[in-house]
Amino acid sequence: MILILLVAAQFLRPELKVPPVSRDAPLPADVKAIFKKSCYDCHSNEAELCWGDQIVPGYWLVVRHIKQGRSHLNFFEWEKLTPTERKQKLWEAINHTLLCAMPRADYVFMHAPANVSDKELTVLKKLSGRHGR
């Protein structure tokens, strides 16, 4: 009975819209590489789901995370932000990463390459002006 429910649940999938890819945020190449590797699956129009992300109930969580992530920051809608908002969003993105709040631990569990290395943290610290930490 449980197996039948699990198989049936695979067909109850919320839609994950794939908006057209528009202009990307103009960031320094080294910073963009870090964000692309660690953030873009939830914070851009380029979500790449691995096989494990496709299985319900995990799929439901992944879609919810992507929708929430895009609503907070979508690097592909950068041009819609004012210069002040861009500065704030960049500051938030860098500081969430430096504080290990992003990428989320449950995301890194399934996407180990998204983990931010110490070297990458140094790049982000330099950009944010936090050299001493």
Side-chain angles (χ1 to χ4, degrees):
M1 182 64 173
I2 293 175
L3 182 60
I4 293 171
L5 289 174
L6 282 173
V7 170
Q10 301 308 310
F11 297 99
L12 301 173
R13 303 167 69 83
E15 182 182 7
L16 178 59
K17 294 184 180 184
V18 182
V21 174
S22 56
R23 197 166 42 155
D24 197 359
L27 298 169
D30 53 351
V31 173
K32 186 178 285 191
I34 295 166
F35 285 158
K36 190 163 182 70
K37 172 184 78 84
S38 301
C39 309
Y40 272 40
D41 277 349
C42 292
H43 294 283
S44 80
N45 297 344
E46 291 184 333
E48 293 182 23
L49 304 182
C50 72
W51 69 268
D53 296 335
Q54 301 286 345
I55 301 170
V56 170
Y59 180 80
W60 298 334
L61 294 172
V62 169
V63 169
R64 191 177 89 212
H65 290 168
I66 291 171
K67 288 179 179 180
Q68 288 173 344
R70 285 178 181 167
S71 72
H72 187 71
L73 169 63
N74 186 336
F75 286 104
F76 282 35
E77 294 182 356
W78 195 255
E79 71 275 355
K80 294 180 181 178
L81 302 174
T82 67
T84 302
E85 290 171 324
R86 291 176 189 168
K87 192 173 187 177
Q88 176 189 357
K89 293 291 184 183
L90 182 59
W91 183 87
E92 287 176 10
I94 290 170
N95 282 286
H96 277 83
T97 305
L98 293 174
L99 295 170
C100 300
M102 288 287 162
R104 295 173 52 114
D106 56 351
Y107 176 78
V108 173
F109 178 75
M110 288 294 293
H111 306 87
N115 203 18
V116 180
S117 70
D118 289 340
K119 182 178 177 182
E120 292 167 330
L121 286 175
T122 301
V123 169
L124 296 177
K125 286 178 187 177
K126 183 177 176 185
L127 183 66
S128 73
R130 292 174 59 178
H131 303 288
R133 287 191 178 165

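Source: prediction; values computed, not measured. Along the sequence shown, residues carry numbers from 1.
If you take NZ on K89 and CD on E77, they are separated by 11.0 Å, rounding to the nearest 0.5 Å. Separation of atoms CD1 (I34) and OG (S117) is listed at 7.0 Å; rounding is to 0.5 Å. Summarising the geometry, atom CE belonging to M102 is positioned 11.5 Å from atom OG belonging to S38; distances are rounded to the nearest 0.5 Å. Note that the CG atom of L121 and the NZ atom of K119 stand 12.5 Å from one another [nearest 0.5 Å]. Distance check: L98 CG to K125 NZ gives 6.5 Å after rounding to the nearest 0.5 Å. Distance check, rounded to the nearest 0.5 Å: CD1 of I94 to CG of L90 gives 4.0 Å.
Using modelled atom types, no side-chain atom of N115 and backbone atom of A112 make a donor-acceptor pair closer than 3.5 Å. Within the 3.5 Å criterion, the main-chain N or O of P113 finds a donor-acceptor partner in the side chain of K37.
The shortest heavy-atom contact between A114 and P103 is O-CG, 3.5 Å. Residues K32 and A25 approach most closely at NZ-O, 2.9 Å, considering heavy atoms. Closest non-hydrogen pair, H72 versus E92, comes out as NE2-OE1, 3.0 Å.
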Test F35 against F75 for ring-ring contact (aromatic ring centres under 6.0 Å, His included), laying out the working first.
-> CA-CA 9 Å; F35 285 158; F75 286 104; 5.2 Å; yes
Apply the test side chain to side chain contact (heavy atoms under 4.5 Å, CB included) to residues L49 and I66: give CA-CA distance (whole Å), side-chain angles for both, the deciding distance (0.1 Å), then the verdict.
-> CA-CA 10 Å; L49 304 182; I66 291 171; 3.8 Å; yes
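Cluster annotation: L61 is not connected to Y59 through the hydrophobic network of ILVMFWY side chains, with a link wherever side-chain heavy atoms come within less than 4.5 Å. L124 and L73 fall within the same hydrophobic cluster, defined by Ile, Leu, Val, Met, Phe, Trp and Tyr side-chain heavy atoms under 4.5 Å apart, directly or through other members. The hydrophobic cluster containing L27 also contains V123, counting ILVMFWY residues as joined when their side-chain heavy atoms lie under 4.5 angstrom apart, directly or transitively.
No more than 12 heavy atoms of other residues, nucleotides or ligands shown are found within 6.0 angstrom of NZ on K87.
For Y107, the ring pair (Phe, Tyr, Trp, His ring centres under 6.0 Å) test picks out H111, with sequence neighbours left out. Residues that satisfy the side chain to side chain donor-acceptor pair (under 3.5 Å) test with K36, not counting sequence neighbours, are E46.
Here W51 is tied into one hydrophobic group with I55, each link being a pair of ILVMFWY side chains closer than 4.5 Å.
In this structure the side chain of N45 reaches within 4.5 angstrom of the side chain of R70, judged on heavy atoms.
Residues H65 and R104 have side chains that bring a donor and an acceptor to within less than 3.5 angstrom of each other. Y40 and D24 are linked by a side-chain donor-acceptor pair at a separation below 3.5 angstrom, with hydrogens and angles left out of the test.
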